[in-house]
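Contents: one structure, followed by commentary.
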Amino acid sequence: MSEMKSMTPTVFIVDDDPAVRDSLALLIMSQGLRTVTFPNAIEFLASYRDGEIGCLVLDIRLPQISGLALQERLQERRLNIPIVFITGHGDVEQCRRAFHSGAIDFLTKPIDQARLISSLRQGIRLSIQQQTQEAETQEVMAKLARISGREREVLERVADGLSSKEIARELDLSPRTIEVHRANLFSKLDVDSLADLIRFYLRALEATGKQRPDEAILNETLPRCN
């Protein structure tokens, strides 16, 4: 097995049949995609790193840990990798479980090659989107860690559309102090305008899992940001 590179889109193939692994790898590599193969789920789990961009071609029936059990373990570890299941003995219940847990396709052997390649490209696009979103979330959280509790209170009220005087009254501070906090927010969060500050706040809400403000509030606030 070749060394994994987290930023290189890779198709991981897990199947206990070496002939199937080799034929799938040749097909996928002929499309210009990189592959790494594994004979079982245990070796895949030992090698796969969080943050890998790619897609997993996974046989349902595997020794020790089945394909569906591997899917569950990946979810438990919060490892998001799109999965295309393949099987020679699939049934409706297995198919239902796979899709219910987020699989992007469920193919029976002999594999429809065109459909497999299409599903893999879809999975890689999804993987890139997931990793991009995760990177953006980490960036937002890192910036949030720069600001103080008081600055966060000011940020929330600025996002609600309050003026510096209104925030000062609400927090029992001087308007001058609020202006200092606002200036600190611009500097620490690397934003150049009030509109950018509001957008950062919305991204922060998404990153921390809090409820996004009503769209009407955003529409009322942003025109004042020019």
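One-based numbering along the sequence shown. No hydrogens, no waters, no symmetry mates; every other heavy atom, side chains included, goes into these values.
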R34 side chain vs T10 backbone, donor-acceptor pair below 3.5 Å
no

Does the side chain to side chain donor-acceptor pair (under 3.5 Å) test come out yes or no for N184 and E151, once each step is laid out?
CA-CA 8 Å; N184 288 341; E151 288 165 348; 3.2 Å; yes

What closest approach, in Å, do I124 and P9 show between heavy atoms, and which atom pair accounts for it?
CG2-CB, 3.9 Å

If we ignore hydrogens and angles and just use 3.5 Å, is the side chain of T132 paired with the main-chain N or O of I128 as donor and acceptor?
yes

On a heavy-atom basis, which atom in L70 and which in I65 lie closest, and how many Å separate them?
N-CG2, 3.8 Å

Electrostatic pair E76-R73, nearest N-O below 4.0 angstrom:
no

Atom CZ of R199 and atom CG of L189: how far apart are they, to the nearest 0.5 Å?
14.5 Å

Do R203 and E136 meet the salt-bridge criterion of a basic N to acidic O distance under 4.0 Å?
no

D59/R21 ion pair, N-O < 4.0 Å
no

Taking atom CD1 of I42 and atom CD of Q64, what is their separation to the nearest 0.5 Å?
3.5 Å

To the nearest 0.5 Å, atom CD1 of I147 lies from atom CD of E153 at 10.5 Å

Under a 3.5 Å distance rule, please check whether S47 uses its side chain to pair with a backbone N or O of F44 as donor and acceptor.
no

Report yes if some heavy atom in the side chain of F85 is under 4.5 Å from a heavy atom in the side chain of Q71; otherwise report no.
yes

Rounded to the nearest 0.5 Å, how far does OG of S163 lie from NZ of K165?
7.5 Å

Assess whether a salt bridge exists between D160 and R157, defined as any Lys/Arg side-chain N lying under 4.0 Å from an Asp/Glu carboxylate O.
no

Correct closest heavy-atom pair for A168 and S174 would be CB-C, 3.8 Å

Are F12 and I81 side-chain neighbours, meaning at least one heavy-atom pair lies under 4.5 Å?
yes

Could you tell me whether the side chain of D190 reaches within less than 4.5 Å of the side chain of R146, counting heavy atoms only?
yes

When rounded to the nearest 0.5 angstrom, what distance separates CZ in R169 from OG in S164?
11.0 Å

Give a yes or no on whether the backbone of S101 and the side-chain of Q75 come within a donor-acceptor separation of less than 3.5 Å.
yes

Does V57 belong to the same Ile/Leu/Val/Met/Phe/Trp/Tyr cluster as M29, with side-chain heavy atoms less than 4.5 Å apart forming each link?
no

Does this structure show an ion pair linking D15 with K109, if we count only N-O contacts that are shorter than 4.0 Å?
yes

Do Q31 and R121 make a side-chain contact, defined as non-hydrogen atoms from C-beta onward lying under 4.5 Å apart?
yes

Distance-only, no hydrogens or angles: does the E43 side chain make a donor-acceptor pair with backbone N or O of N40 under 3.5 Å?
no

Hey, quick one: are F186 and L173 part of the same hydrophobic cluster, counting side-chain heavy atoms closer than 4.5 Å, chains of contacts allowed?
yes

With side chains defined as the heavy atoms from C-beta onward, is the minimum distance between Q122 and P82 less than 4.5 Å?
no

Is the closest side-chain heavy-atom distance between T177 and L171 below 4.5 Å?
no

Considering residues, nucleotides and ligands other than Q133, do more than 12 of their heavy atoms fall under 6.0 Å from its CD?
no

Taking all heavy atoms of V14 and all of A41, pick out the closest pair and write down the distance.
CG1-N, 3.9 Å

Indicate yes or no: at least one non-hydrogen side-chain atom of V154 is less than 4.5 angstrom from one of I178.
yes

Pairing of R96 and E93 as salt bridge, 4.0 angstrom limit
yes

Output side-chain donor-acceptor pairs under 3.5 Å for residues 110-119, partner residues at least two apart or in another chain, one line each.
from, atom 1, to, atom 2, distance (Å)
D112, OD1, A114, N, 3.2
D112, OD1, R115, N, 3.1
R115, NE, D105, OD1, 3.4
R115, NE, D105, OD2, 2.9
R115, NH2, D105, OD1, 2.5
S119, OG, D105, OD2, 2.5
S119, OG, R115, O, 3.0

For a side chain to side chain contact (heavy atoms under 4.5 Å, CB included) check, start with the C-alpha distance between M141 and Q138, then their side-chain angles and the critical distance, and finish with the verdict.
CA-CA 5 Å; M141 298 304 292; Q138 291 178 359; 5.8 Å; no

Would you check, one step at a time, whether the test side chain to side chain contact (heavy atoms under 4.5 Å, CB included) holds for L45 with L74?
CA-CA 8 Å; L45 283 172; L74 289 171; 4.0 Å; yes

L194 and L197, any side-chain heavy atoms less than 4.5 Å apart:
yes

Under-4.0 Å salt bridge between R78 and E134
no

Distance-minimising heavy-atom pair for Y48 and N80
OH-O, 4.1 Å

Correct closest heavy-atom pair for L144 and R152 would be O-NH2, 3.4 Å

Determine, step by step, whether I13 and I28 satisfy the side chain to side chain contact (heavy atoms under 4.5 Å, CB included) criterion, reporting the C-alpha distance in whole Å, the side-chain angles of both residues, the deciding distance to 0.1 Å, and the verdict.
CA-CA 10 Å; I13 304 169; I28 294 167; 3.9 Å; yes

Residues passing the side chain to side chain contact (heavy atoms under 4.5 Å, CB included) test with S187, sequence neighbours excluded, are none

Side chain to side chain donor-acceptor pair (under 3.5 Å) involving Q131 - partner list, sequence neighbours excluded
none

Can you classify the ring geometry of F106 versus F99 as parallel (below 30°), tilted (30 to 60°) or perpendicular (above 60°)?
tilted

